[in-house]
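Working notes for the structure below.
Atoms considered below: every heavy atom in the structure, side chains included; atoms not considered: hydrogens, waters and symmetry mates. By convention here, the first residue in the shown sequence is residue 1.
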Amino acid sequence: MRAWCLLAVALAVQAVVVPSARADDDEVEVCRIDLGRGWPPATENYGSAVETLFTGGLTPTFSLTRLPVRSAESALQLIAGEGEGDWTLRYVEADERIQIWTGGRKELRTTQHPDVASVPMPAALARRVVAQWQRVMDAQVPRDRVAEFHDDEVVLFVVDGARISGLQPACGPIVQMMEQVTLMIDATDDGDEKRIKRWRALTELLDQQEQSLAGATGAGAGDTHGEH
């Protein structure tokens, strides 16, 4: 399941743009972001059940939860520490798919015990990750854009209390930032020494992306939204 999640992230990172609906014969491609604020229609009960099971009573400052169409659900979470203490980075996978169809009706298997990998993360680095995701989401997903229904895999982002849901983007700054997700998932499976190298790589990635965002989020925000 971990490999499947990493593959989904990698495919998104490789994509650059997707074709928009064309009003004429001109081959114009724009980046369309199918993300909106709040819960997509017909998703809240399912998504809430998954998040409740995965958090185990904790309150993530940042989380990315995947609701696939058929495979097991998973999530990446950042839990704030006390004061300047380390944060907790968690990668959670359902032991078996949570939402299933049985007897013609949906069932939520929430009594299971998901697989949890949990490691400490430096507080300053964790705060940078949250701040950058918040900045990008604010620029890419307008506050008046509500989440829409999708029958494909849905991703649920919660960044410092703000919920953004929809399809994983295949273009734009959010795709670049999914590289951070890959590094953090890898870090939950590493030993202490290798994890330190992941933090260095994540710091370098944050530096690069902050430089890129400084010139892109303001000037390119209008083009990135695309049609909706």
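In this structure, L64 and V181 have side chains that are in contact, with non-hydrogen atoms separated by less than 4.5 Å. By the 4.5 Å heavy-atom criterion applied to side chains, I174 and M137 are counted as neighbours. Between D95 and P114, every side-chain heavy-atom pair lies at or beyond the 4.5 Å cut-off. Two residues are said to be in side-chain contact when any heavy atoms from C-beta on lie closer than 4.5 Å; V175 and P169 meet this criterion. By the 4.5 Å heavy-atom criterion applied to side chains, P173 and L213 are counted as neighbours. Residues P40 and H150 are not in side-chain contact: their nearest non-hydrogen atoms beyond the backbone lie 4.5 Å or more apart.
Each of I79 and V129 belongs to its own hydrophobic cluster when Ile, Leu, Val, Met, Phe, Trp and Tyr are linked at side-chain heavy-atom distances under 4.5 angstrom. Residues V136 and L167 do not share a hydrophobic cluster, clusters being chains of Ile/Leu/Val/Met/Phe/Trp/Tyr side chains in contact below 4.5 Å. Side-chain heavy atoms closer than 4.5 Å link hydrophobic residues (I, L, V, M, F, W, Y) into clusters, and following such links, even through other members, never connects L35 to V158.
Under the side chain to side chain donor-acceptor pair (under 3.5 Å) criterion, R200 pairs with no residue, sequence neighbours left out. Residues passing the side chain to side chain contact (heavy atoms under 4.5 Å, CB included) test with T61, sequence neighbours excluded: A80, W87, V130, D160. Take R143 and apply the salt bridge (Lys or Arg N to Asp or Glu O under 4.0 Å) test, not counting sequence neighbours, and it matches D138. Partners of L205 under the side chain to side chain contact (heavy atoms under 4.5 Å, CB included) rule, at least two apart in sequence or in another chain, are E179, Q180, L183, Q208, Q209. Partners of W133 under the ring-ring contact (aromatic ring centres under 6.0 Å, His included) rule, at least two apart in sequence or in another chain, are F62, F157. Residues satisfying the side chain to side chain contact (heavy atoms under 4.5 Å, CB included) test with P41, not counting sequence neighbours, are F149. A search for side chain to side chain donor-acceptor pair (under 3.5 Å) contacts involving E193 returns nothing, not counting sequence neighbours. With sequence neighbours excluded, the residues that form a side chain to side chain contact (heavy atoms under 4.5 Å, CB included) with R109 are E96, R97, I100, E107, Q112. Not counting sequence neighbours, the partners of D207 by the salt bridge (Lys or Arg N to Asp or Glu O under 4.0 Å) test are R128. Take D151 and apply the side chain to side chain donor-acceptor pair (under 3.5 Å) test, not counting sequence neighbours, and it matches no residue. Taking D86 as the reference, nothing meets the salt bridge (Lys or Arg N to Asp or Glu O under 4.0 Å) condition, with sequence neighbours excluded.
To the nearest 0.5 angstrom, L125 atom CG is 13.5 Å from R198 atom CZ. Atoms CE and OG, on M121 and S118 in that order, are 12.5 Å from each other to the nearest 0.5 Å.
Between R127 and E84 there is a salt bridge, since at least one side-chain N of the basic residue sits less than 4.0 Å from a carboxylate O of the acidic one. Taking the charged nitrogens against the carboxylate oxygens, E153 and R70 have no contact shorter than 4.0 Å, which rules out a salt bridge.
For the side chain to side chain contact (heavy atoms under 4.5 Å, CB included) with M177, the lone residue among Q132, R135, Q140 that qualifies is Q132.
In terms of modelled atom types and a separation under 3.5 Å, the side chain of T65 and the main chain of A75 share no donor-acceptor contact.
By the 4.5 Å side-chain criterion applied to Ile, Leu, Val, Met, Phe, Trp and Tyr, V50 is assigned to a cluster that also includes W39, Y46, L53, F54, L67, V92, I98, L108, V116, V154, L156.
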